[in-house]
There are 2 protein chains.
Amino acid sequence: MTDQLMTIRQMCDDFGVTPRTLRFYEAKELLFPVREGQKRLFTRRDRARLKLILRGKRFGFSLEDIRQLLDMYGMGDQQQAQLTRTFELAVKRLHEMEAQRDELNEAIDELKEQLAWGEQALAKFHAAKAAE
Amino acid sequence: MTDQLMTIRQMCDDFGVTPRTLRFYEAKELLFPVREGQKRLFTRRDRARLKLILRGKRFGFSLEDIRQLLDMYGMGDQQQAQLTRTFELAVKRLHEMEAQRDELNEAIDELKEQLAWGEQALAKFHAAKAAE
DNA sequence: CGTTACGATTACGCTCACGTCAACTTCCCT
DNA sequence: AGGGAAGTTGACGTGAGCGTAATCGTAACG
């Protein structure tokens, strides 16, 4: 199998992140690039993980949360308890996100009202100006 | 008018925040408690603002964002230039909020898919266990 | 053989929204 | 007068998620 080892630069270009970020993720044990002498080489597995990391971030998970989720993905069929815990974590996040969305929608509606008010105030100014 | 001036303690108890937080908000010009000698006394206006601040935070806005929005809420009918500027700011914020909501909805959908996958994985575990 | 390019490590910096002392002052209660 | 509660102003600490040099190694190009 062509394991398609990639340099840090290729990774950055592919995923739109900086070298610093990838090194940081390695330090945090989110990625495990192999070494060719000094240099990091990222495996197919690292790429899969990075994809999940970036998605996790969009979900609003912390890197530590993500690390635990990732450890799960790689887990054998044994530790079911871990899987269950992780599942619950995700469900919790989902509810948080939905709540946040609902509040956001409320805020948007309120802001729209404020804007209508502001628009009207502006119109009055313009009318006053036109009447001079 | 009974302006119901409140001490910092009363405010903290009412709103579930710490004194540090209220002082911090004053330093950031989000609140403007009056002084009785050394002590801060929070007005009805401060309470209204604090309510909005906390709501804004739940929406995920920065304190600086909130400060600008609050300035808008309090504006009288006079300074048109200010109003116009603020109006534009609000419109921009609205678009940002709507974009954020859309992203959030996408993330929610993705996460739901993941959960379906996880649920299935869990079901398999249970099935395997039952088959022993 | 020099320079450019890419990569490495070390380590300090930064933003945000406060927490956490420390070292007072002021007021009330006994 | 003594003591405690509640307040004040600094000033430094925290944690996440990297940014940003500074300095060094190595390999290829011309």
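Within every chain, numbering begins at 1; the chains are lettered A, B, ... in the order of the sequence lines, protein sequences first and strands thereafter.
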| task | Round to a whole Å and report the spacing from CZ of A:Phe42 to C1' of C:dC6. | result | 13 Å

| Is A:Arg47 close to A:Gln4 at the side-chain level, that is, under 4.5 Å between some pair of heavy atoms? | yes

| Where the side chain of A:Leu63 is defined as all heavy atoms beyond and including C-beta, which of D:dG17, D:dG7, C:dC18 is the nearest nucleotide? | D:dG17

| query | Can a side chain N or O of A:Tyr25 be found less than 4.0 Å away from OP1 or OP2 on D:dG17? | reply | no

| said: Between B:Thr21 and C:dA17, is there a contact of a side-chain N or O with OP1 or OP2 at under 4.0 Å? | reply: no

| request: Give the minimum heavy-atom separation between B:Leu31 and B:Leu50, together with the two atoms involved. | output: CD2-N, 4.0 Å

| field | A:Lys57 vs D:dA16: side-chain N/O to OP1/OP2 distance below 4.0 Å | value | no

| Integer-rounded Å distance: D:dA27 P and A:Gln38 CD | 11 Å

| message | As a test of reading the structure: which of D:dG7, C:dG19, C:dT9 is closest to the side chain of B:Thr18, going by heavy atoms? | response | C:dG19

| Atom-pair distance (CZ on A:Arg9; C1' on C:dA5), nearest Å | 11 Å

| said: I need the CD-C1' distance between B:Gln10 and D:dA5, as an integer number of Å. | reply: 14 Å

| query | Hey, does B:Arg40 reach any base, or is it just sugar-phosphate, or nothing, if we go heavy atoms under 4.0 Å? | reply | sugar-phosphate

| In whole angstroms, how far is the P atom of C:dT20 from the CZ atom of B:Phe24? | 15 Å

| task | Determine whether A:Phe32 and A:Leu22 fall in the same hydrophobic cluster, where Ile, Leu, Val, Met, Phe, Trp and Tyr are linked whenever their side-chain heavy atoms lie under 4.5 Å apart. | result | no

| task | Return the value, rounded to whole Å, for the distance between atom CZ of A:Arg35 and atom P of D:dT26. | result | 14 Å

| field | B:Glu26 CD to D:dG10 C1', straight-line distance once rounded to whole Å | value | 14 Å

| said: Once you apply a heavy-atom cut-off of 4.0 Å, does A:Arg20 come out as touching a base, just sugar-phosphate, or nothing? | reply: base

| Between B:Thr7 and B:Lys39, is any pair of side-chain heavy atoms under 4.5 Å apart? | no

| request: Give a yes/no on whether any side-chain N or O of B:Arg67 is located under 4.0 angstrom from OP1 or OP2 of C:dA17. | output: no

| Whole-Å gap separating P (D:dG7) and CG (B:Leu5) | 14 Å

| Taking only side-chain nitrogens and oxygens of A:Thr7, does any of them come within less than 4.0 Å of OP1 or OP2 of C:dC6? | no

| query | Of the nucleotides C:dA17, D:dG7, C:dA8, which has the atom closest to the A:Arg23 side chain? | reply | C:dA8

| 4.5 Å side-chain heavy-atom contact, B:Met6 and B:Asp46 | no

